[in-house]
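Scope of the values below: all heavy atoms of this structure, side chains included, with no hydrogens, waters or symmetry mates. In this chain, residues are counted from 1 in sequence order.
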Amino acid sequence: MGNRLYYGDNLDVLREHVRDESVDLVYLDPPFNSNTGYNLLFATAAPSRVEASIEAFDDTWTWGEASRNALLDIDGGTNRQLQVMMRAMHDALGDSPLMAYLAMMAVRLVELHRVLKETGSLYLHCDPTASHYLKLVLDAVFGADRYKNEVVWKRTSAHGDASVGYGDVTDTIFFYAKSDKPVWNRQFVPLDEKHVAAKYASVDENGRRYTTRDLRSPSPRPNLTYEYKGYRPHPNGWSISRELMAEYDRKGLLYFPRSVEGRIRMKLFLDERRGKPLQNLWDDIPPLNSQAQERLGYPTQKPRALLERIIAASSNPGDVVLDPFCGCGTAVDAAQKLGRQWIGIDVTHIAIGMIENRMREGYDDIVFDTIGVPKDLASAERLAADDPHQFQQWVSWQVGGYPRDKKGGDKGVDGWFNYLAEGARIETGVISVKAGDSVNPTMVRDLGRVMQRDRHRFGLFIMKTLPTRGMREEAASHPTIETEFGRFPALQIVTLAELMHGHRPKLPPLISPVKKAARVETRKSHQPGAQGSLL
């Protein structure tokens with residue numbers, strides 16, 4: 001099947017590219033209906049040393065044509081229970097932002113249920129904003145009897161700003177199975193140190209810590225009532241046969257009291273325990289702090305350990321993991337690490353670019369296909385015509401830069417790039433992107449004014465069409481900058497055709513604004529249920 005990364009609306013991608021019952025595990029961390037815009041942070045150059053940001057996604061919903069179409073899709077489907085549920089919600093909530101959000105989620109959950117194998121599972125990550133509504137939708141899509149757990153993840157430490165009410169420190173993860181026989185690998189967490197000290201207080205001659213349990217039969221067993229080495233059983237008899245008792249004795253697994261008046265017990269060694277079975281309260285995986293090695297700056301990035309736990313529990317090596325809202329790609333990263341195949345989908349070029357970098361930087365010789373991004377000049381021109389804003393994002397990534405926030409006036413700026421200057425300083429250049437056909441020398445002149453105003457030594461003017469003579473002359477009127485890395489034009493014009501043929505601007509060494517992903521140690525031989533099993 002191969003690993004695949006899709007740019008596009010996940011509803012369209014699921015319907016057009018993902019077959020029925022072809023996925024083993026779905027994890028989705030969709031927008032939470034928080035009425036908030038989430039920004040991706042970029043490191044800027046000296047002298048400001050502040051962080052710039054661009055909106056990664058806007059978690060704000062409005063009722064409109066897309067919402068109405070989603071409800072019509074559900075009405076035209078075969079899930080009667082979901083139809084009734086969504087109509088009741090619409091009656092109660094009306095044409096509200098919350099209803100728009102629920103309609104968007106419901107139609108996508110129908111598709112995710114379709115692509116899951118019979119042995120597959122789905123984990124939906126959300127918060128209390130709409131979790132109670134989402135569970136009703138999930139019950140209608142999967143069936144209430146397919147609900148397995150509500151996992152509570154403590155995602156942050158205590159808050160001190162809860163003036164009325166309690167601090168909000170947890171997220172909810174709903175776990176549903178498609179059938180009554182999902183893939184399930186029981187997970188364990190290390191035993192508590194206090195429990196170990198109290199329970200495993202005995203140490204044998206080899207230095208192994210152990211505890212003991214009785215070998216008493218829970219009910220009378222006359223056939224298991226026998227004496228062993230002078231030790232008599234409980235009146236109910238032993239819980240094991242004489243042959244098994246002798247085998248345990250040969251293996252050193254029996255504890256013999258000093259007096260034969262006591263009873264034989266079985267040794268349970270600490271180093272053979274897999275740990276404590278994992279429960280539905282997860283408070284042992286901390287959130288990513290500002291110094292975390294895997295932190296990339298994406299606003300809702302989750303720790304890889306959280307996704308590793310889910311993937312290890314509900315899939316096996318070689319299985320297919322799907323994340324339809326993949327953001328910066330933590331789920332596909334964890335899937336790759338654990339030897340699974342993966343499918344990731346996102347609707348912004350920022351996310352797709354970050355995931356591509358993350359996977360190539362994190363894994364040697366990784367192979368995956370990116371689908372939906374421009375592959376040739378014609379597809380790049382289509383993107384420019386269909387969505388100029390996403391075109392600006394994509395082009396900024398292609399030249400090694402990053403796009404501006406779309407909010408507010410651009411003031412002649414569509415993106416920036418960081419480069420290495422003299423004395424190991426990092427400075428910033430400016431990008432102007434023109435997706436349309438109407439361009440003229442004044443636009444190049446405007447970029448030069450921005451460079452002068454904001455003291456940028458370098459600027460890139462990227463355009464879909466060919467530059468006119470006047471535009472080339474305007475760019476050539478700017479000086480050539482002498483650096484320790486060579487001489488570079490201060491203002492360069494780059495065409496879309498040049499970019500698609502591999503031509504890159506002539507600039508000093510570029511510095512990625514996004515933190516470089518760390519190399520990842522893969523676990524191709526990962527055994528089901530082994531996570532957290534050291535104790």
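For the pair S121/V183, no side-chain contact is recorded, criterion being any heavy-atom separation below 4.5 Å from C-beta on. Using a 4.5 Å cut-off on side-chain heavy atoms (C-beta onward), I371 and Y7 make no contact. The side-chain heavy atoms of V23 and V26, taken from C-beta on, include a pair separated by under 4.5 Å. Side-chain contact between L28 and M105 is present, with heavy atoms from C-beta onward closer than 4.5 Å. Between L25 and L322 the shortest side-chain heavy-atom distance does not fall below 4.5 Å. A heavy-atom distance below 4.5 Å is found between the side chains of I352 and T370. A 4.5 Å side-chain heavy-atom check between Q336 and V332 finds every atom pair outside the cut-off. The closest side-chain heavy-atom distance from L122 to L138 is below 4.5 Å.
Smallest separation of non-hydrogen atoms from T428 and Y419: C-CE2, 3.8 Å. Taking all atoms of both residues into account, the shortest heavy-atom contact from R209 to A197 is NH2-CA, 3.7 Å. Between L5 and E356, the closest heavy-atom pair is CD2-CG, 3.8 Å. Nearest heavy-atom pair across I431 and F417 is CG1-CD2, 3.7 Å. Residues M500 and K375 approach most closely at CE-C, 3.6 Å, considering heavy atoms. Nearest heavy-atom pair across S179 and R146 is CA-NE, 3.5 Å.
A distance of 6.0 Å separates CZ in R213 from CG in L268, rounded to the nearest 0.5 Å. Between the CG atom of L191 and the CG atom of L270 there is a distance of 6.5 Å, given to the nearest 0.5 Å. H349 NE2 to Q398 CD: the interatomic distance, rounded to the nearest 0.5 Å, is 9.0 Å. One distance of note links CG of L71 with CE of M104; it measures 12.5 Å at 0.5 Å rounding. To the nearest 0.5 Å, atom CG of residue D29 and atom CG of residue D171 are 7.5 Å apart. The CG atom of L306 sits 10.0 Å away from atom CD of E308, with the distance rounded to the nearest 0.5 Å.
For the residue pair N185 / N316, a side-chain donor-acceptor distance below 3.5 Å is found, with atom types taken as modelled. With 3.5 Å as the limit, one finds no donor-acceptor pair spanning the side chains of T330 and D333.
Remark: the backbone N or O of I285 is paired with a side-chain donor or acceptor of W153 at under 3.5 angstrom. Between the E21 side chain and the R19 main chain, no donor and acceptor come within less than 3.5 Å of each other. Checking side-chain atoms of N149 against main-chain N and O of V151 turns up no donor-acceptor pair under 3.5 Å. Under the 3.5 Å distance criterion, the side-chain polar atoms of Q301 are matched with a main-chain donor or acceptor of E294. With hydrogens and angles disregarded, a donor-acceptor distance shorter than 3.5 Å links the side chain of N79 to the backbone of A140. Judged by distance alone, with hydrogens and angles left aside, the side-chain atoms of R340 form no donor-acceptor pair with the main-chain N or O of G318 at under 3.5 Å. At least one donor-acceptor pair under 3.5 Å links the side chain of D414 to the backbone N or O of V433. Here the side chain of W184 pairs no donor or acceptor atom with the backbone of K181 at under 3.5 angstrom. Side chain of K267 to backbone of T212: no donor-acceptor contact under 3.5 angstrom is found. When atom types are taken as modelled, the side chain of Y147 and the backbone of E150 share a donor-acceptor pair closer than 3.5 angstrom.
Between F368 and W342, the distance separating the two ring centers is shorter than 6.0 angstrom. Here the two rings, on H90 and W63, have centers that are under 6.0 Å apart. Separation of the Y27 and Y123 ring centroids does not fall under the 6.0 Å cut-off.
Sorted by first and then second residue, the side chain to side chain donor-acceptor pair (under 3.5 Å) pairs involving residues 105-120 (not counting sequence neighbours) are D9-R108, N10-R108, R15-E111, D20-R114, D24-K117, E111-R114.
For the side chain to side chain donor-acceptor pair (under 3.5 Å) test, no residue two or more places apart in sequence or in another chain qualifies with D12.
For the pair R208 and F269, the cation-pi test (distance below 6.0 Å, angle within 45°) is passed. For the pair K276 and F188, the cation-pi test (distance below 6.0 Å, angle within 45°) is failed.
Ion pairing between D192 and K199 fails under the 4.0 Å rule for side-chain N and carboxylate O. In summary, D365 and R360 do not engage in a salt bridge, as defined by a charged side-chain N under 4.0 Å from a carboxylate O. By the 4.0 Å N-to-carboxylate-O rule, R87 lies too far from D91 to be salt-bridged with it.
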Please step through salt bridge (Lys or Arg N to Asp or Glu O under 4.0 Å) for the pair R68 and D73, ending with a clear verdict. CA-CA 9 Å; R68 287 189 290 270; D73 281 352; over 6 Å; no
Residue pair L82, M86: steps toward the side chain to side chain contact (heavy atoms under 4.5 Å, CB included) verdict: CA-CA 6 Å; L82 181 62; M86 296 305 294; 3.8 Å; yes
Decide yes or no on side chain to side chain contact (heavy atoms under 4.5 Å, CB included) for D168 and R155, but give the supporting numbers first. CA-CA 9 Å; D168 185 9; R155 58 174 170 77; 3.6 Å; yes
Hey, mind stepping through T170 and W282 against side chain to side chain contact (heavy atoms under 4.5 Å, CB included) and telling me if it holds? CA-CA 9 Å; T170 64; W282 296 0; over 6 Å; no
Before you tell me yes or no, could you show the steps for L499 and W394 under side chain to side chain contact (heavy atoms under 4.5 Å, CB included), namely the whole-Å CA-CA distance, both residues' side-chain angles and the distance that decides it to 0.1 Å? CA-CA 11 Å; L499 280 179; W394 174 76; 5.6 Å; no
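Ring geometry for F174 against Y176 counts as perpendicular: the plane angle is over 60°, on a 0 to 90° scale with 30° as the lower cut.
Within a 6.0 Å sphere centred on OH of Y133, other residues, nucleotides and ligands contribute 12 heavy atoms or fewer. Surrounding CD of E193 are at most 12 heavy atoms belonging to other residues, nucleotides or ligands under 6.0 Å away.
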